[in-house]
Amino acid sequence: MEIVKEAVAGTLESSDCLVMVKPYEGLKVDIESIVMERYGRRIRQIVEDVIKSMDITSGYFKIQDRGALDYCLKARIRIAIERAGVDNVR
Amino acid sequence: MINAAGREIPSVINGYKEVMPFSGAYNNPGNGIRTISRYKTVWPGGNKVLGSIREAVEKVGLRDGMTISFHHHMRNGDYVLNMVLNEIAKMGIKDLKIAASSIFNCHEPLIGHIRNGVVTGIEANYIVGFVAKAISKGILDRPVIMRSHGGRDRAIEAGELHINVAFIAAPTADVYGNLNGIYGPSACGSLGYAFSDAKYADRVVAITDNLVDYPLTPISIDQTLVDYVVKVDRIGDPKGIVSGSTNITRDPLGLKIASMAADVIEASGFLKDGLSFQTGAGGTSLAVASFLREKMRAKRITGSFGLGGITGFFVDMLKEGLLKVLLDTQCFDLKSVESLREDSNHIEISSSMYGNPHNKGAVVNNLDVMILGATEIDTSFNVNVTTGSDGIIMGGSGGHNDTAAGSRLAIVVTNLFKGRLPIVVDKVTTVTTPGETVDVLVTEQGIAVNPRDEDLKKKLIDSNLPVVDIDKLKDMAYRLCGTPDEIRYKDRIVAVEEYRDGTVIDVIREVV
């Protein structure tokens, strides 16, 4: 997958997150979370895992987390990537 | 050393008195003499009304190093603390200790007074907002002392908290220093937290925006305790003093929890004539009261008293005859202010009478059921309402550990997790209320009973309530949210959490 345009997924509601993705030279992830102190590490791990699983090698990712559970974070990141990217295999 | 709540407490805490570790909720009966207070004669013809706060500060002889006190009935609308401190700062007085029953966001200017050395110490029962955050980041050299409402009165009466000058925000005062909270543009209702300050401070200054002719009626705090009266434009912003209305939650989870909690009360056998209870003003707590009201109506039960922190909801129950009496330390809304003014069965009480463990029996001892909130509760039933999940101060006991200890049935109501933060945890960030005083935890995923209470557990199971082990609830929360990382702290202690009896139940450290 390659990030070719800017896209967002999610909301800033409590227990959700807003994910913004856009083209970037290299890979950059910014995370802002209301639970940074207790779950920041875990959230970063999830973001990196999803990016890796979708074969993304470059792009800028901004995660604004309002206390989303793991499944929600994963889904929002995937959707944002799919909206922002083209599948370079096909 | 490890105290009876399982917390590591240093044997010496710099800037704090001799450490007495918490040894159990009912182990320290107190011992000593109730503190003395100073004589002061006002001869016939004497005048108590002064022209300005500055004049009052001069007349009471406030000096560097003294302790001044405030009460929090003006809540987030309070002008008095800032007004007094601004004047004191201008006069060049330094190194003061602030003994406020609570500190809110509106008291942000305190931070400036700490930075410039006017304020060097704080003792309070509840601290929220900017000041709380600054304390957690280490703004003060001396640790803050956090107490319960009853614990503050105990400390004052025991002489541990000696107040040199009490500044009392008085919604109405007469020219000879009689005060009440029920009239005037800044009416707040009960003045319950200010009674001990008025009784035991060396000097008492009433600050009012409604000065009336002598004698005021009714009298809450009387002329024999008040040195001076100062008239100012406004003592508070009514919008911050009382919320327009306090509402029952509409959140379906909150309602489910509340309904289960009401079932617990019924199954425990407390739903009978003479029932007494207190709930907080939070949406879920009020919803418990609402479900309980339905049950009382259906079974034609008359309760004896409601305690609080009074809201309009309790006033309705009084009017309907479901409760005979309201005992009131503070009014949360306008309806309760009006009721305190007009209904002789709605009675103002001091916070010492409410929760002091070392007087001759506080009202919490007469309480059947207490509905409590929790920021965190651990598998030993210890509750934290003092610090957030980031380790930063965001509250305090208030009446939490007083009512848990006194009541016959202390029920904690909370969601299993909020956002992605588990509320049921391995170990709470700070112990405010020891687990031995908490009977039941009600969450949307089940009800956990303190293992020391086998009898109660059996009653709930016999009533087909979904009783589960508290460890199971914790596991469920961790499975959904993930295990949280440890909070990183520095070594320095920024606050001491005193249990209501004056022992140290926990310490709060500076956050990174």
Side-chain angles (χ1 to χ4, degrees), chain A residues 7-21 27-54 56 59-84, chain B residues 132-133 136-137 249-254 282-284 375-378 384 386-394 414-430 443-445 474-490 494 508-512:
Chain A
V8 295
T11 71
L12 290 174
E13 296 289 311
S14 180
S15 302
D16 199 351
C17 62
L18 185 67
V19 178
M20 194 273 283
V21 183
L27 204 53
K28 185 168 163 29
V29 178
D30 281 337
I31 298 170
E32 161 192 310
S33 171
I34 55 167
V35 293
M36 208 61 188
E37 186 67 33
R38 312 302 296 271
Y39 289 101
R41 247 172 12 116
R42 189 182 174 104
I43 293 169
R44 183 163 290 276
Q45 190 59 52
I46 285 167
V47 178
E48 286 170 1
D49 286 352
V50 175
I51 291 173
K52 205 171 167 196
S53 75
M54 295 178 79
I56 305 286
Y60 173 70
F61 293 78
K62 185 175 180 184
I63 320 290
Q64 288 170 280
D65 172 51
R66 294 290 183 270
L69 293 174
D70 289 357
Y71 68 84
C72 175
L73 276 165
K74 285 179 192 165
R76 295 303 194 196
I77 300 162
R78 282 191 60 172
I79 294 165
I81 292 174
E82 284 178 13
R83 285 176 181 163
Chain B
K133 200 163 182 184
S136 281
K137 302 248 179 205
T249 186
R250 282 185 299 187
D251 168 41
L253 280 186
T284 305
T375 307
E376 293 172 326
I377 177 167
D378 67 25
N384 170 24
T386 304
T387 48
S389 62
D390 49 7
I392 294 175
I393 297 166
M394 43 117 294
T414 178
N415 296 37
L416 187 63
F417 60 97
K418 287 178 191 160
R420 82 171 294 162
L421 290 168
I423 307 299
V424 186
V425 295
D426 263 332
K427 195 168 171 244
V428 289
T429 306
T430 306
T443 74
E444 74 278 16
Q445 297 291 345
K474 193 246 357 178
D475 290 344
M476 208 183 295
Y478 279 34
R479 205 163 54 239
L480 284 160
C481 303
T483 303
D485 287 342
E486 295 281 326
I487 302 171
R488 291 163 304 151
Y489 294 106
K490 297 183 183 172
V494 294
I508 299 164
R509 293 179 193 272
E510 184 178 344
V511 291
V512 175

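Numbered from 1 within each chain, the chains take letters A, B, ... in sequence-line order. Just so we're clear, the structure is a prediction, and the values are computed from it rather than from any experiment.
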For B:Lys133, I'd like to know if atom NZ has over 12 heavy atoms of other residues, nucleotides or ligands within 6.0 Å.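 Atom NZ in B:Lys133 is not packed in, count stays at 12 or less.
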Just wondering, are more than 12 heavy atoms of other shown residues or ligands nearer than 6.0 Å to CD in A:Glu32?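 Atom CD in A:Glu32 is crowded, with more than 12 foreign heavy atoms closer than 6.0 Å.
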For A:Arg38, the option from B:Asp390, B:Thr429, B:Thr483 that meets side-chain contact (heavy atoms from CB on, under 4.5 Å):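 That would be B:Thr429; it is the only one of B:Asp390, B:Thr429, B:Thr483 passing the side-chain contact (heavy atoms from CB on, under 4.5 Å) with A:Arg38.
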Considering all heavy atoms of both residues, which atom of B:Gly419 and which atom of A:Ser15 are nearest to each other, and what is their separation? CA-OG, 3.6 Å
Where is the tightest heavy-atom contact between A:Tyr39 and B:Pro422, given as atom of each residue plus distance? OH-CD, 3.2 Å
Using only non-hydrogen atoms and a strict under-4.5 angstrom cutoff, which residues of residues 61-69 of chain A touch chain B?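 Residues in range: A:Gly67, A:Ala68, A:Leu69.
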What residues of residues 40-53 of chain A make heavy-atom contacts with chain B at a cutoff under 4.5 angstrom? A:Arg41, A:Arg42, A:Ile43
Is the shortest heavy-atom distance from the side chain of B:Arg420 to the side chain of A:Ile34 under 4.5 Å?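 B:Arg420 vs A:Ile34: side chains apart.
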Would you say B:Asp485 and A:Glu37 make side-chain contact, with heavy atoms under 4.5 Å?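 Result no, sub-4.5 Å side-chain heavy-atom pair not found.
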Sequence neighbours excluded, which residues qualify as side chain to side chain donor-acceptor pair (under 3.5 Å) partners of B:Lys137?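 Scan of B:Lys137 (side chain to side chain donor-acceptor pair (under 3.5 Å), adjacent residues dropped) gives none.
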Can you name the residues that form a side chain to side chain donor-acceptor pair (under 3.5 Å) with B:Asp251, not counting sequence neighbours? none
